[in-house]
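So the structure is just underneath, and the comments pick up after that.
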2 protein chains.
Amino acid sequence: MEEKEISKAVIKRLPRYYRYLGELMESGVERISSNELSSKMKVTASQIRQDLNNFGGFGQQGYGYNVKHLYTEIGKILGLDKNHNVIIVGAGNLGQAIANYGAFEKRGFIIKGIFDVNPRLQGVTVRGIEIRMIDELEQFIKDNNVQIAALTIPKTKAAEMAELLVKYGVKAIWNFAHTDLNLPDDILIENVHLSESLMRLSYNITRYEKERLNENDN
Amino acid sequence: MEEKEISKAVIKRLPRYYRYLGELMESGVERISSNELSSKMKVTASQIRQDLNNFGGFGQQGYGYNVKHLYTEIGKILGLDKNHNVIIVGAGNLGQAIANYGAFEKRGFIIKGIFDVNPRLQGVTVRGIEIRMIDELEQFIKDNNVQIAALTIPKTKAAEMAELLVKYGVKAIWNFAHTDLNLPDDILIENVHLSESLMRLSYNITRYEKERLNENDN
DNA sequence: AATCTATTGTTATTATTCTAACAATTTATA
DNA sequence: TATAAATTGTTAGAATAATAACAATAGATT
Ligand SMILES: NC(=O)c1ccc[n+]([C@@H]2O[C@H](COP(=O)([O-])OP(=O)(O)OC[C@H]3O[C@@H](n4cnc5c(N)ncnc54)[C@H](O)[C@@H]3O)[C@@H](O)[C@H]2O)c1
Ligand SMILES: NC(=O)c1ccc[n+]([C@@H]2O[C@H](COP(=O)([O-])OP(=O)(O)OC[C@H]3O[C@@H](n4cnc5c(N)ncnc54)[C@H](O)[C@@H]3O)[C@@H](O)[C@H]2O)c1
């Protein structure tokens with residue numbers, strides 16, 4: 001029985017559905033139609049139905065979707081029904097900000113440890129989690145079944161560290177360093193390139209200013 | 001003279017071209033063909049040529065692209081040749097991490113001020129930048145020609161604060177709160193939804209594990 | 001129980017994005 | 001200076017994604 005390949009675009013939208021359904025659930029809404037959801041989320045109802053249908057018929061004709069059920073199902077699809085063990089590599093500004101953010105744990109992302117090379121950070125704790133030195137990394141990953149490593153170290157060190165993490169058994173890297181990691185195909189990479197995001201904003205500001213100038217010319 | 005609309009997909013790739021060209025420039029490479037760049041960046045040469053051609057013919061047949069020139073031109077397209085005044089609203093974990101990150105200034109994103117509601121933070125400085133209280137916000141935005149606000153406050157306050165920022169004259173919001181902002185069409189929004197990024201990783205981990213199980217069944 | 005209404009699942013159509021192909025043009029070589 | 005090689009800009013074609021349409025079906029109404 002072969003699974004139909006789900007397009008990347010659909011996956012990208014799933015967390016947003018999940019968020020909206022969670023909010024609806026919290027405010028006590030029991031059922032919702034693709035049309036109502038459409039106007040809330042500002043996407044077409046057609047797209048909602050098609051997206052959801054990739055994973056099976058969660059709705060009922062004439063009724064709509066049961067909010068709680070749909071929320072749970074999307075959660076399962078996203079793998080949020082299971083815990084994921086996470087380490088943070090690089091206990092600098094960003095690494096500590098992430099470590100301090102409690103909400104990830106609620107979604108099943110358990111921050112097991114934080115690592116750094118700076119000996120002055122050894123033993124310091126962030127939200128009760130101890131910062132450890134790199135020499136403990138290998139053993140720790142194996143002992144704690146670490147799946148995900150958040151990589152928050154300078155870009156010059158990132159590629160090398162990523163390879164080490166993979167060697168030690170990490171399966172997925174959440175990469176904040178401004179560089180592309182070249183790792184085996186079975187290693188999952190999710191890049192968070194904040195400066196690219198800021199550049200897109202800058203592009204749009206620039207374009208918008210240009211447009212306004214052109215309009216004034218007419 | 002009408003400008004051809006550039007597709008979102010192209011804009012999303014521009015910062016990555018910019019990064020690669022910057023690195024090539026630093027390592028002294030003077031010219032590059034779409035084919036060479038293609039193998040470095042792992043995208044098709046065809047796409048590179050088509051992307052760049054949206055903005056004009058930067059290359060030369062038989063020669064390729066001049067790295068420095070192309071880098072400069074893409075910088076201009078992205079609006080990186082001008083400074084942008086930025087404030088950070090929310091001096092918590094994330095807000096301070098961003099404020100502490102010096103590299104944005106090098107690209108022309110000047111962090112002018114940091115704001116919070118917590119009186120205990122008043123006067124504290126981050127990388128020399130003073131944390132101010134919200135009552136100074138309006139005047140500060142006007143005095144400093146602030147274009148971009150990084151929004152790093154809890155999601156329950158984000159929508160309200162975003163409206164305030166717009167009212168005071170901010171043109172673009174870099175939104176880290178986990179919520180969609182509904183603002184006038186001429187206000188630019190760039191969302192950084194970290195938990196969505198983490199959920200995508202979780203989805204892929206889950207799917208990959210499933211695939212391996214299926215393979216073993218055969 | 002029959003009919004009407006709402007709303008999905010699914011197929012068809014349209015739009016967007018990506019890749020391939022190649023003529024035009026420049027540089028390098030003989 | 002003529003010819004060959006390299007490589008772009010651009011057009012054509014293929015693939016992917018989004019929207020629209022509608023038949024099928026469940027629930028509500030009479
Ligand atoms: N802070 C931001 O807003 C921001 C924005 C965009 C990108 N980034 C990127 O995120 C990464 C982290 O940024 P930051 O601001 O937290 O930097 P930072 O300098 O505050 O922290 C980096 C930490 O990594 C540690 N480190 C260095 N090499 C290491 C190694 N081999 N193993 C383990 N730890 C190591 C350092 O000791 C330091 O504590 C950088 O690549 C940066 O470019 C950060
Ligand atoms: N830290 C992370 O890793 C992370 C990850 C994902 C999302 N986020 C989101 O980013 C935002 C900030 O996260 P954080 O970890 O920095 O939170 P935080 O609690 O550390 O900081 C929030 C700051 O905002 C201030 N604040 C509250 N209301 C304000 C207002 N009306 N005006 C100005 N300041 C106000 C608070 O005093 C506090 O200093 C939140 O929306 C959070 O959900 C953070």
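First the proteins, then the strands, lettered A, B, ... as listed; each starts at 1.
Residues A/Gln60 and B/Val10 each lie close to DNA chain C; by heavy-atom proximity, the contact nearer the 5' end of the strand is made by A/Gln60. Take the nearest nucleotide of DNA chain D for B/Phe58 and for A/Thr44: the residue whose nucleotide is more 5' is B/Phe58.
The phosphate of C/dA6 (OP1 or OP2) has no side-chain N or O of A/Tyr65 nearer than 4.0 angstrom. A close approach under 4.0 Å does occur between a side-chain nitrogen or oxygen of A/Arg13 and OP1 or OP2 of D/dA18.
With hydrogens and angles disregarded, a donor-acceptor distance shorter than 3.5 Å links the side chain of A/His84 to the backbone of A/Gly79.
Side-chain to base pairing of A/Ser46 with D/dA20: one donor and one acceptor N or O lie within less than 3.5 Å of each other. Taking only distance into account, the side chain of B/Gln61 never meets the base of D/dT7 through a donor-acceptor pair shorter than 3.5 Å. On a pure distance criterion of 3.5 Å, a polar donor-acceptor pair joins the side chain of A/Gln50 and the base of C/dT11.
When the C1' atom of C/dA6 is taken as reference, atom CD1 of A/Ile32 falls 15 Å away, rounded to whole Å. Taking atom CG of B/Asn35 as the reference point, atom P of D/dG9 lies 14 Å away to the nearest angstrom. Between B/Asp51 atom CG and D/dT10 atom P the separation is 14 Å, expressed in whole Å. Look at CZ on A/Phe55: it is 17 Å from P on C/dT8, rounded to the nearest Å. Summarising the geometry, the separation between CG on B/Leu70 and P on D/dT7 is reported as 15 Å, rounded to the nearest angstrom. We find that CZ of B/Arg49 is positioned 10 Å from C1' of C/dA21, with the value rounded to whole Å. B/Asn66 has its CG atom 15 Å from the C1' atom of D/dT7, to the nearest Å. Between the CD atom of A/Gln47 and the P atom of C/dT13 there is a distance of 20 Å, given to the nearest Å.
Annotation for B/Ala45 and B/Ser34: closest pair CB-O, 3.7 Å, computed over non-hydrogen atoms. The nearest pair of heavy atoms linking B/Val170 to B/Ile187 is O-CD1, 3.7 Å.
Around CD of B/Glu23, the count of heavy atoms belonging to other residues, nucleotides or ligands within 6.0 Å exceeds 12.
Residue contacts shown for A/Arg31 are absent, as no nucleic acid heavy atom lies under 4.0 Å away.
For the 3.5 Å distance criterion, the side chains of B/Asn145 and B/Lys112 fail to qualify, holding no donor opposite an acceptor.
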